[in-house]
Amino acid sequence: MSAAEPLTAKGAATRARLLEVAAALFAEKGYSATSFAELINASGLTKGAFYFYFKSKADLALAVIDDQQERWVSYVQDRVTAHPTPATQLADVLPAVLDLLAREPAAWSMIRLARELGGDPTLGRDVVKPVASWIELLAGII
């Protein structure tokens, strides 16, 4: 995924900021229409500093998918498990996802990236891997 995992709090914060910037651009424009140069410029980092965290646009996209997936599942799981019965939990899954998309426009990045990269023979497997956490969430409710 990343070229190097940050060892400091500042490095972790920089990496998180890169994921936010990339998620917003990917959500707005999609993967193909977003250039690596545009991602670097939007980050405010130098090209070398950017490459320290992500060696390619594809690595960055996969990291965005993982980050957004973790956020989505955590949000939805916390919200729906607050309901007392499995039926009410299951009934709130879709409204929870729609609420998240309305509150956080960058959440669309995961959908756009999955749609654009899911069929890519080199990236497809990594793109669809996060679906397992959704299956686990729903299976746990059922």
Side-chain angles (χ1 to χ4, degrees), residues 1-46 49-142:
M1 187 168 307
S2 68
E5 291 297 322
L7 299 176
T8 66
K10 183 178 177 184
T14 299
R15 185 178 190 279
R17 173 73 181 126
L18 294 176
L19 291 173
E20 287 176 20
V21 167
L25 284 170
F26 288 143
E28 179 185 338
K29 299 176 73 173
Y31 181 81
S32 298
T34 304
S35 72
F36 202 54
E38 186 176 12
L39 290 161
I40 293 169
N41 288 336
S43 75
L45 295 177
T46 65
F50 197 96
Y51 275 108
F52 173 79
Y53 294 96
F54 301 101
K55 62 183 176 184
S56 69
K57 185 169 95 167
D59 285 343
L60 175 58
L62 292 174
V64 166
I65 289 171
D66 288 344
D67 181 62
Q68 289 295 314
Q69 176 67 13
E70 187 176 305
R71 291 171 188 254
W72 279 40
V73 171
S74 177
Y75 172 80
V76 172
Q77 184 172 21
D78 290 349
R79 177 171 155 168
V80 302
T81 56
H83 295 292
T85 66
T88 55
Q89 290 174 1
L90 196 56
D92 195 34
V93 170
L94 183 57
V97 169
L98 293 174
D99 181 53
L100 178 64
L101 289 169
R103 287 185 318 106
E104 294 188 36
W108 284 104
S109 62
M110 194 174 89
I111 294 168
R112 288 195 80 167
L113 290 169
R115 186 176 60 225
E116 285 188 62
L117 302 176
D120 184 304
T122 59
L123 300 175
R125 172 178 263 159
D126 291 326
V127 170
V128 299
K129 193 182 333 178
V131 172
S133 57
W134 284 105
I135 293 170
E136 289 174 23
L137 173 63
L138 294 172
I141 292 171
I142 294 170

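All residue numbers in this chain count up from 1 along the given sequence.
Using a 4.5 Å heavy-atom threshold, the side chains of L60 and Y31 count as separate. Side-chain contact between W72 and L101 is present, with heavy atoms from C-beta onward closer than 4.5 Å. Taking 4.5 Å as the limit, every side-chain heavy atom of R112 sits out of range of all side-chain heavy atoms of F26. Here the side chains of R71 and M110 are not in contact, with every heavy-atom distance at 4.5 Å or above. Side-chain contact between L138 and L90 is present, with heavy atoms from C-beta onward closer than 4.5 Å. Inter-residue side-chain proximity for V97 and V76 is flagged as met; some heavy-atom pair is nearer than 4.5 Å.
Between the CD atom of E28 and the OG1 atom of T34 there is a distance of 8.0 Å, given to the nearest 0.5 Å. To the nearest 0.5 Å, atom CG of residue L94 and atom CG of residue D99 are 11.0 Å apart. One distance of note links CD1 of I65 with CG of L113; it measures 4.5 Å at 0.5 Å rounding. Expressed to the nearest 0.5 Å, how far OG1 of T14 lies from CZ of F52 amounts to 9.5 Å. Atoms OG1 and CD1, on T85 and I141 in that order, are 10.5 Å from each other to the nearest 0.5 Å. For the atom pair CG (L123) and CG (L117), the distance works out to 5.5 Å, reported to the nearest 0.5 Å.
Remark: A24 engages no residue in a side-chain contact (heavy atoms from CB on, under 4.5 Å) (not counting sequence neighbours). Under the side-chain contact (heavy atoms from CB on, under 4.5 Å) criterion, E104 pairs with L100, A107, not counting sequence neighbours.
For CZ of R125, the number of neighbouring non-hydrogen atoms (other residues, nucleotides, ligands) closer than 6.0 Å is 12 at most.
Listed for the E116 side chain is a donor-acceptor partner under 3.5 Å among the backbone atoms of S32.
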>> Under the criterion side-chain contact (heavy atoms from CB on, under 4.5 Å), I'd like the reasoning laid out for V93 against Q89: C-alpha separation, chi angles, the key distance, then a yes or no.
In response: CA-CA 7 Å; V93 170; Q89 290 174 1; over 6 Å; no
> Can F36 and Y51 be said to form a ring-ring contact (aromatic ring centres under 6.0 Å, His included), step by step?
Replying inline: CA-CA 10 Å; F36 202 54; Y51 275 108; 5.2 Å; yes
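The shortest non-hydrogen separation linking A27 to P105 is CB-O, 3.6 Å. Summarising the geometry of A49 relative to L45, their closest heavy-atom pair is CB-CB, 4.1 Å, with the distance given to 0.1 Å. When all heavy atoms are compared, the tightest approach of A63 to R15 is CB-NH2, 3.9 Å. Closest non-hydrogen pair, A114 versus V127, comes out as CA-CG1, 3.5 Å. Across all their heavy atoms, I40 and S43 have their closest contact at O-OG, 2.6 Å.
Screening residues 129-142 for side chain to side chain donor-acceptor pair (under 3.5 Å), with sequence neighbours left out, gives Q69-S133, Q69-W134, D126-K129.
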